[in-house]
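Here's the structure, in structure tokens; my notes come after.
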Amino acid sequence: METSSNPSVFLLTVNGQIEGANFPDYDSLYCKYCYVYGHDWAPTTGLEEGITQITSKSTQSHRLIWNFPLEITFKSTNPSGWPQLVVSVYGPDVFGNDVVRGYGATHIPFTPGQHTRTIPMFVPEPTWRLQKFTGWLLGRRPEYTDPKVVAQGEGREVTRVRSQGFVTVSFHIMTKDMKKMGYDAGPSSPSAVQSEAQSYVK
Amino acid sequence: MERMAASSEIREKLRNKRRALQDTLVKNKNEDDIQALVPSARFNVDQQPTAMKEAEGSDEDPGETLRRTFRAQRQRRKKKLLEQSFVQECHDAEDAEEVPNARRHSANEGSADRADDSVVSTRPPTGSQRALSVRSEDSSSSQHLDTYVTRHLQEKLRAARSKGESLQQQEASEVSAEPVSRLQRLKNRDTVTRFDREAEPISAGRQDDPLALRSRVKFREAGRRVVKDLPTAEEAFNFFTFNYEPEPPSQQEGVSRKRQKRRERVKKDKGEDSQEEAEVEEDAEAEEDNQDQNEYQSEDAPLVRNEDDLFAIDHSPQDFVEMRKAEYVAYRKRVQRDRELLFTPSFRTVPTSVKLPENMKPRFLEDEGLYVGERPPVSLTNENILENRILKMAEGNKWFGDDGKVIALPDPIKESSTRPPLFHMEGDLDPALQTVYRKALKSKYANLYIAGAADPEGDYQLDVDVSGLIFSHHPLFSREHVLASRLAQLYDQHLSRQHNNLTGHLTDKLNGLRNALQNMMKIHGEQGSSEALRQRISEYSLEVRNTRQLRDTEQEKDRTLLRSVIKVWKEIKALREFQKFTNTPFKLYLRRENVDRASDERDYEGEILAEVLELEAESEGEYQKKLAEYKKQLEDWKLWRRKQKAKRKKKKKKKKGLAQEDTEEEDQDQDESESEGPFEEGPAKPQPPERPDVDSMEQWVREKASRIRRKPGEAILIPELSASGSITASELCPRAEIARREDVSRRSLFIKILYNDKEVSRTDSRSLSADFRVHFGQIFNLKIINCPHSINLQVFEEVGSSCSLLAQVFVPVPDPSVVTGSAPIEEFEFSSNQRVMFDHEGVGSDVPLSFESDGSNRLTLLTSGKLSCCVSWGIGEEGVPLAPPVSQQPGGTHSGRWHLDAVSYIGASGLYDMKKIGEWATQSRLDPNDPKNTSIMQLLKVASSGEVTAPDYFRLEHLQEEFNFVTDEELERSRRFRLLRLRNQEAPEFRNYKFVPLLEREVSDKVFQDYEKRLKDGEIIDTREHLDPHRALVAKYLQKIRESVINRFILAKHFYQLSDLVTEEEIPSIGGAGSGILGINLFKLAESKRPLKPQRKERKKVTAQNLSDGDIKLLINVIRAHNIPIRKPLGNKPGQSSQSALQGSDWYLSQVQVRPFVEVSFQRTVLQTTTADGPNPSWNEELQLPFSAPNGDYSTSSLQSVKDEVFINIFDEVLYETGPGGKERGTSIHTQIEKHWLGSVKIPFSTVYSQSKIDGAFKVNTPAVLLGYSREHGGSSSVYDQWRSTHGGTFLRLFLTIEPQLVPGESVREKFDSQEDERLLQAAEKFEKEAAQGFPDRPCITTVTDLSGKTVFITRYVRPLNPPQEFLDAFPNNPQEATTLVARFVSLIPSLPDQVSFSGTCDLWSTCDQFLTLLAGDEEEHAVLLCNYFLFLGKRAWLVIGTAIPEGTTVYVLTHEQSGYFIWNPSSGQFYNKDDSFCPLQTVGCLVNADNVWYNVQENPSPLNTNFDITKSNMWKPFFSRSFSHPGLSSVQPEELVYRPIDRAAAAELQDRVEKILKEKIMEWRPRHPTRWNRYCNTTLKQFLPKLEQSRGQDVAEGHRLELQNLLGDYRIAGFPLHLPFSEIRPIIEAVHSTGVHNIHSANVEFALAVYVHPYPNNVLSVWVYLASLVRT
């Protein structure tokens, strides 16, 4: 086909799941995710943002398990602005107010194959102590205006954060036409190389 | 004791009882619910008397002996209680109690009966339904029950006896210690309350255990009270009656009830109802008995293991279960099951009797005098739990000893160690046990640190020898020290120069050269000149010259150095003299070496002579050379001239023929050559060189010699510095100096050695000596594993306990060849820029210091010094250097490369160290011919030639080229890269460009077209669109300002504040106006949940990112209109009336005054409402118009710059019946619908966007004259008449909003720089903040941004300014007229909202002259100008900042006149009375004049309710008050405005052009119909327009209409004049188009159009367009 032999975009397919989290002090949490990507990227299929169920720790294990599936395909013309997964975790505090428990972001892995990422999470700190107290009391902790802030570097110098816990995400990455476009994202399986070689021969 | 003795007997009886119980259970299952309900606890108490009785021994008859036994029993029990609670405290009380109690027993007997009855009678029907149901059951089997009851009671008595014993025991240990599972007990208690709810208060003490406990507590309290103060007899009585009473009646009652029961049994046959109740209760008691027994049994199970029937009891409830409600049984079942499975050991103390075999008394061995040892300490609770658990087990008893305690060994923990000490020596030890020392082994991976290290055994040692340090400056230096150190430095320099003796060398060389030269000259003179020789001579002379120059400079240096040494020494001496003590041991001796004066002089002169001669020769040579050159040039020049002449001659000849004479020509040529000289280029005539001046030369040489050389005969001075001087002892010094010395002695220093940034060791702390030297002399051997990156010595200074880092010295890692012993000690300079100041003699550091008396010539010294140390590789045992091999040097991994890479070899910091680069260059044998190395070779050449000069620049990014992945040209050429770069730069066209194609070929050139066009257009002014060159310029200027502002905003967008990123709750104001403490609004809690007047809730706002076309709709709710003009009856003309009469529609038409509808057009979408009737129609229709953002970009900034306007036009729908064709008359009627424009409202989208909703009555822009319509509503008398008379306007009530609600753009942080006082700015910020807190809906502005983007205080804008003189002259004696004229002038300046021109809601305020130049501005510019004019006219005027419809936050003008306050809308020129309810101003935020800003703090901000008396401080809060007075801010406005005169010619020209364009446009809009112009009408209208302008659109309409009608009698005219301020042609066309006049398609329609442009000063133009359609009737 004309399009396949002469592609103008490359595709990145992400399958995976938000496996769970490790927040030693908190329980009954849920997680929101979204993607941040550059100008030259666009999702073709899949959910761009989502929200998991609320999960509680069991008595045996202290991990929170969501097992929330991720599935999205991007197309792009430029590796700059490679998509990032932004996760933010929320849950009730002592008084039952829904407060944020952590923000975190990770780039979607470049290389095809299976990857597991453990994202360290953090929350912004109140500017001063009284605010911390009232925030705790009223359940109004400081939050980012937009969770996507954590995927950008600009303007972060004005914030102070506290680290909170970890979220584990597993990815299965597939790419299409990356090599044809001249981007070598590291080792790919030998069979793929072979097939590409064949296509070149043709 | 007796109870214990009887315990075996009890057990026997229990067994009996259980058997009996079983029987009863089998018999009547249906009684079981009562069993469950009746508390066992109550039973316990009830049974107590019988138990006691039994204990007494009298078995059978309770009747007579009961009272007696009871008393005895009670007494005993109470005694026990007393013992437990307050042992011996109230024996007397106990004694006193005895008597009344005994008495009361008998008294209570009867009352108890009554009480019991009353229990029955007072039980409410709802009291216990279960009891009722039971009753019915009972009655059904009453016979059966009777027999049961009798038997049961007998058995119960028997059983109770046995049980009582155990109960007593329990109580003895702990009242509530019965081993019932807690769950069970809870349940029982619950049932107690249910069943006995009524009974309890009456009998006040059917005591269960908790109750008993309670009473005991009470008793204890009473006892305490007794102890406090001895009670009187009465008190004692009260005490017993009140506190202790509850117990006896219960017991008594129990007894009496027993008796009653017996009586009942006798009476039972009668079957009385009243008794039955009692029976039930009785039964309940009985059952409860059983129940308790059950429990007890189950508890006792291990004790009585053989009892199989226990099982049956456990299961029996399950059998009953089937008759119960399911869930209840399930619960029970579960309880049961739990009880089967689970065992929770009680933590109560186990009675001793249980633990011991029957009939055994506890035996206390210790009491018997035997040693038992100390038991291990175990907490009582744990012990109890353990005992309970053990008892539960089979053969539990065997764990208990004779004393009833768990058998335990004495405390097993020994206090001394049990391990045998080792007394024998090591040698005696078993060799297997001997410890062997092994060296710590490195793991294999350790080698990774030193790259490529092959042998793991290679251990490397770095020896760091820190010998000491010397301060060249230290804060504690005294002045003398400073000088001394300088002296020492100079002396060192001198010595080193002396040592090198450059002067000597150079002098020798010079002499040698001279000799050689002379020799050569001699030979030369003899043999004549050969070319080679001459060449050599010149070379030599050059050499001589160079050497001489060098020598001279060296000599000069020597000389100055010597001088400065002497000078410093003199200074020291002076200082010592002055301060009268000596701090430094330095002494300078000047050794004089006398010379032979004569010879010296000779030498000197000879030298000078030689030099002069040389110079002469040189200059002569120079001269000759120049002369030769000159000659040559002259030759050339002459040659050239000749040629020129020849050429010209030829030309001349050609021109003039041959007629002219040669001589003449010659002359002419001469002239011409002179004149033509400038034109024809050629060599200028050379100047002959000057002869050198020999005399001056000699003089110069002498001068120089005297400056740099010793004078002839002067002794040679040789300075010698010695440290032999004595230092004045401290006692003799002044106080400040002593303080300094003490400070010095307090200081000590040490050095930390950091290897690879880790501290490895540090030297001892050594105190600072008086001469500021510290000697360490320590060598540290560092065994290293990691490859060395840095060695850092940190100098720390200690004062007392605090130490501070003084300086860091980075020592280079030595070469492997540098080994200990051979390495010299190097000195490393260090310095620190810490500022230190002292109040004593110490000079401090980084503090300016002067040695001059006048304080001039200051110098600032920094702490500095030299650290002498040496770092080398250690030497191993065999003399092998313990250094890593060369290949393991840093960078060894890429050893093939490191020689070529300077950075990796010497490190980036070494790059500006020339020496190192030089070293590296020689080592790596750089190829000097390789072009790659040219820069370095160049650098080295520069560095090595002459003196080493450090470059005065840093070479940054010298490796940048390696990182460029394409060349710059390629980058420039590539379209894709260009696109990417432009996007990154945020160029407006590409800011949101998506999907930059991956391949070059896919980027089309078209992409850049817009961008390039914009760049190109930047320079060209398009005059076509503007009709007026001035306006074109202004438009360009505005465009430029806009761009710069946008750029500023784009920049500002990248500066983030915390609030941009993090949303955080505000710190709640404590006790603030709105919210209470910690933000909890107490009023909010008290608010009614469903208020009578519900408030509009905020809709959910949508962020603009996720939007696309079609998502956003503009909702317009057209509610109603007031005062729409009505049609005039056409009956003026007789012909018309007859016609209408003929048509029969006259009646209808005159009834239908007007049939208006509203048409809304927005972004090419046109929607209209239905047609309503009458001048005050009500539509109430919602219109939805789709909205699409430009380029599909829904970002905030893009939405803000949407320029589209919402046009809302009111039309009258007119139906005409066109003359039907002759044939069809009667059968068909053709109706033609015409719509006549009545007025319009324009609302910019930006206003809707920024305010999110607009709600209100808008004044409709109606033309001054509407032909065929009138405002008067003849005959219709209504309440509106009154305001109609005052307000001629038409009003349209609208509600506009955007669905979904968009987040309005955040106002850009206007943190611009400012020239205002910081204090003022802060005050302004505070003022605004407070205002926003108090009244968030009232705008308050104190600072604004001017056109250059600076913050300016608002009052600076207000200043009286002159309006154009013409206006003042026009009405010299009518100030009112002048006022309105001025207002009209201001309103004629076109409005241009800032939001459109400047994206972002930034308000830019231009000054009046800027405004008049730009001729475009926002409301605030209009307002400021108007206000300033008013002030000039002598009015009292203020700027009003408030909100209005439809502008939103805006600025109006307020004036105060005798008749009251007036509010002016500066953009329209309209004014309103303060009390006018149709004033568009809705809220008044603040008032501004030149002196102050007042903020409105009144309850109601609408102008109607606002009191404008600004002196009242409770209504107006002033900015400048007494506490912060007006600092006298000067105005930013010019002193005077200069106006351009009226340009009538331009106006006339414009008028013609506008007319032409409009006519063309109208014809263009009617493509299918011919457009006829009625010329006659045109001229009439044109004459009329100037009148309108003069009257400013006021009522001249009536006369005009009549005039028109007279002229054009046969036409039906519909038309109106439009009035616009002139800015561009486009808005005029739009306005004409929106009226829809061109849409009339009737065949015989004619049009009339007239344009009039009235000029005002300063190019302000008022445009009138008269449009009319004429239909011949």
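So you know, we letter chains A, B, ... as the sequences are listed, proteins then strands, and number each from 1. What you see is a predicted model, and the numbers here were worked out from it, not measured in a lab.
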Can you confirm whether A/D40 sits close enough to B/L980 that some side-chain heavy atom of one is under 4.5 Å from a side-chain heavy atom of the other?
yes

Just wondering, do A/N78 and B/R976 contact through their side chains at under 4.5 Å, heavy atoms?
yes

With only heavy atoms counted, which part of [X] is less than 4.5 Å from chain B, the side chain, the backbone, both or neither?
X	answer
A/Y103	neither
A/T127	both
A/E125	backbone
A/P124	side chain

Hey, is NZ on A/K75 packed in by over 12 heavy atoms from elsewhere, all under 6.0 Å?
no

Can you tell me if A/R162 has over 12 outside heavy atoms packed within less than 6.0 Å of its CZ?
no

